[in-house]
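What follows is a set of notes on a single structure, which appears directly below.
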Amino acid sequence: MAAAETQPQSYPPGPRPALGGRATLLLAILSVLLLALGGVGFGLYLNERGELRETRSDLNSQLQEQRDIVTQRDQKIAETEQKVSDLTTELDTTKENLSTVTKERDVLLPCMRRAQDMFDAARDRNESRLSSALRQADTACSKAQAGVDS
């Protein structure tokens, strides 16, 4: 008996027992389902990928439109700022001119009033008032001339 236990088996092992008909059918159905699900999943993947490309393209075009709008608005803002700067310069110049004219007017006003007094005295044929008005007009107009020249 000991010899029988140590001898290797010389005959080939027997065929494996066959799986039952149900197990084979179940494996076939499962394989078909997995294949179908894989195909559907792959189709969905490709479809989503295409939609994502379209969405990306749409978003890029919208972004470019927005950038163009921003660029146009920036240009309008720059033009408006330049106009404001020009108008501010013009306003400052106008203020300076007004100030100069106002000072000259204030300097010339006494001369003009004395000249009017002189004309009124001449119209009324009042010699004494005319003489006084001439002296006052001469003094006021000399001061006005000096003020305008300076």
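Throughout, numbering of the chain's residues begins at 1 and tracks the sequence. Atoms considered below: every heavy atom in the structure, side chains included; atoms not considered: hydrogens, waters and symmetry mates. Keep in mind the model is a prediction, meaning the values are calculated, not measured.
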Report the C-alpha distance between Thr71 and Arg67 in whole Å, list the side-chain angles of each, state the deciding distance to 0.1 Å, and finish with yes or no for side chain to side chain donor-acceptor pair (under 3.5 Å). CA-CA 6 Å; Thr71 301; Arg67 285 179 179 161; over 6 Å; no
Consider only side-chain heavy atoms of I, L, V, M, F, W and Y, link residues closer than 4.5 Å, and tell whether Leu37 and Ile29 are in one cluster. no
Any idea which heavy atoms bring Val107 and Lys143 closest together, and the distance? CG1-O, 4.3 Å
Mind checking the CD-CD1 spacing from Gln82 to Ile77? Nearest 0.5 Å is all I need. 14.5 Å
Decide whether Met112 and Phe119 are clustered together by the hydrophobic rule: side chain heavy atoms of Ile, Leu, Val, Met, Phe, Trp, Tyr closer than 4.5 Å, transitively. no
How long is the straight-line distance from CG of Leu46 back to CD of Glu51, given to the nearest 0.5 Å? 11.5 Å
Rounded at 0.5 Å granularity, tell me how far CG in Leu30 sits from CG in Leu25. 11.0 Å
Are Arg135 and Ser131 linked by a side-chain donor-acceptor pair shorter than 3.5 Å? yes
Check whether any side-chain N or O of Ser57 sits under 3.5 Å from a backbone N or O of Arg53 as a donor-acceptor pair, and report yes or no. no
Asp124 CG to Arg129 CZ distance, which is reported to the nearest 0.5 Å: 5.0 Å
Nearest heavy-atom approach of Met118 to Ala133 is CA-CB, 3.5 Å
Any side-chain to backbone donor/acceptor pair from Thr102 onto Leu98? Under 3.5 Å, distance only. yes
Locate the shortest heavy-atom distance separating Ala137 from Ala115; write the atom from each residue and the value. CB-N, 4.2 Å
Rounding to 0.5 Å, atoms CD (Gln64) and CG (Leu59) come to a distance of 13.0 Å
Ser128/Asn126 under side chain to side chain donor-acceptor pair (under 3.5 Å): CA gap, chis, key distance, verdict: CA-CA 6 Å; Ser128 65; Asn126 186 337; 3.1 Å; yes
Output, in order, the C-alpha distance, side-chain angles, deciding distance and verdict of side chain to side chain donor-acceptor pair (under 3.5 Å) for Gln116 and Asp120. CA-CA 6 Å; Gln116 184 62 42; Asp120 289 343; 3.1 Å; yes
Could you check whether Asp106 pairs with Lys103 (Lys NZ or Arg NE/NH1/NH2 to Asp/Glu carboxylate O, under 4.0 Å)? no
Measuring from atom CZ of Arg114 to atom CG of Leu109, what distance do you get when rounded to the nearest 0.5 angstrom? 9.5 Å
So does Lys83 pair up with Asp86, basic N to acidic O under 4.0 Å? no
Show, in sequence, the C-alpha distance, side-chain angles and deciding distance for Leu134 and Asp138, and conclude whether the side chain to side chain contact (heavy atoms under 4.5 Å, CB included) test is met. CA-CA 6 Å; Leu134 278 170; Asp138 185 47; over 6 Å; no
Taking atom types as modelled, find out whether Gln62 and Asp58 have a side-chain donor-acceptor pair closer than 3.5 angstrom. no
Considering only heavy atoms from C-beta outward, does the side chain of Lys95 approach that of Ser99 to under 4.5 Å? no
Residues, nucleotides or ligands: over 12 heavy atoms within 6.0 Å of Glu90 CD: no
